[in-house]
Amino acid sequence: MSLQTFDRYESRVRSYCRSFPTVFEHAEGSRLYDSNGKPYLDFFAGAGVLNYGHNHPVLKQALLAYIIRKGISHSLDMATTAKADFLDAFQRHILAPRGMQYKLQFPGPTGTNCVEAALKLARKVKGREKVISFTNAFHGMTLGALAVSGNAFKRRSAGIGLSCAVSMPFCGYFGADVDTIRYMDRYLSDYGSGVDLPAAIIVETVQAEGGLNVADSDWLQRLAAVCRKHDLLLIVDDIQVGCGRTGSFFSFEEAGIQPDIVCLSKALSGYGLPLALLLIKPELDIWEPGEHNGTFRGHNLAFVTAAKTLELFWSNKHLTRDIAGKSRLLINGLKRIIGSQPAAHARLKGRGLILGLEFEHPQLATTAARIAFSHGLLIETSGSRNQVLKLLPPLTTDRAELRAGLEIIDVSLRQALGELQLIPYDAAAN
Ligand SMILES: *Cc1c(COP(=O)(O)O)cnc(C)c1O
């Protein structure tokens, strides 16, 4: 099957099908198959949606059983048994063991919906309109979320002025020597800074779209302290790097902070079904009934697979330990690639199972990703100039598959260096 149908009928706005130009037909675990039966190893995982791979058999069975017994599929925010099961499972497997107390809000089922709800609630709670966000942040494509996102191309798509947001430098933005928390604290403390007191600060602990920039634990702790000092809410957007991507269920657990509001979505349903969840400190839950709503909130099919996912993967520490081991495997592999291909001038980025190589050459990451696709590996780039090759395999990818992916990255990078004439021809030959 060709891509003609898509070219003819579908808007130019589509983008991933340009990086991965084939027609996919089915998928299982960490592999997708196109309509010619060609397998692809998936180091993209639906941008972090498919943390447990494609069509996990236990989740699929739970979903099929629910459909067959005529379970409710749509219910707005009415009470259903599927929702009750999810609420109980989230309490039992996630919040209670961590000693966390949050109220749960289901906005519309996408990440950007969740961010909009978080921003609205923070503004309502504090009665202030500004929100601080960070350089290279990505929080979604609706107007409120775009206003707190960094990327100029995406921001321009709004077509109107994006307001009520203040951008501050993320951890390490000016290099290791500049303390960006001190910089921000000074702006907030000084009556002459020109920065109005905001309602909240919104942050990603790892900037997944922004180039795999990691906020270290010390920085996050001091960020939380700045929020307390200036009476601001701390919103963590854990949409991409929560749900186990960094090892623990929440990405901020290592830092030991307790954000006021947490956004979850992408991998939450465990099966690729749309679901978003806002966690709210109980005392901040001042919504009036219906003040923020949406037709596709209680997505019951997603509740079914999400509850099953929590029971299956998050009722003990096995997955967290497994992720740590797999992370080490990938880090070691990437370090070997960095060492053996000095012409690439690559730098390791990320943590847990969101890892990457950052290059100085502007085309190296995209060229290597394109070549990797031809060798049967789905891998994306990230960063404001697409300068980072981003590894995002399902958390359940086995070690042999991780090694196979590293092998393809190694070969593809070597070929990309050759194609861009960054190394002599014969070194690129294999
Ligand atoms: C993907 C993403 C969003 C937006 O989610 P959508 O479902 O695409 O609206 C917001 N924040 C982060 C960190 C994301 O990775």
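All ligand and atom numbering here is 1-based and tracks the order in the structure. It should be emphasised that the depicted structure is a prediction, and the values quoted were computed from it without experimental measurement.
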Subset of ligand 1 atoms that lie under 4.0 Å from at least one heavy atom of H139: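 Once the distances to H139 are compared, the set is 10 (C), 11 (N).
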Close-contact set for ligand 1 against E204 heavy atoms, below 4.0 Å: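 The atoms of ligand 1 under 4.0 Å from a heavy atom of E204 are 13 (C).
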Under 3.5 Å donor-acceptor, S193 side chain and Y187 backbone: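 Checked: pair present.
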[X] side chain to [Y] side chain, donor-acceptor N/O pair below 3.5 angstrom:
{"X": "S251", "Y": "T246", "result": "no"}
{"X": "E380", "Y": "S19", "result": "yes"}
{"X": "T180", "Y": "W219", "result": "yes"}
{"X": "Y173", "Y": "N213", "result": "no"}
{"X": "N300", "Y": "T80", "result": "yes"}

Pick from M141, K266, Q207: the one approaching atom 15 (O) of ligand 1 most closely through a non-hydrogen atom: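 The nearest heavy atom belongs to K266.
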The one among V241, D237, T112 that brings a heavy atom closest to atom 12 (C) of ligand 1: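 Answer by nearest heavy atom: D237.
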N/O separation below 3.5 Å, Q240 to ligand 1: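 For ligand 1, there is an N or O atom that lies under 3.5 Å from one belonging to Q240.
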V115 N/O to ligand 1 N/O under 3.5 Å: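 No; the residue has no nitrogen or oxygen that sits under 3.5 Å from a nitrogen or oxygen of the ligand.
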Heavy-atom protein contact below 4.0 Å for atom 6 (P) of ligand 1: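 At least one protein heavy atom is under 4.0 Å away.
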Under-4.0 Å heavy-atom contact with ligand 1, by part of T110 that carries it: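 The part of T110 near ligand 1 is both the backbone and the side chain.
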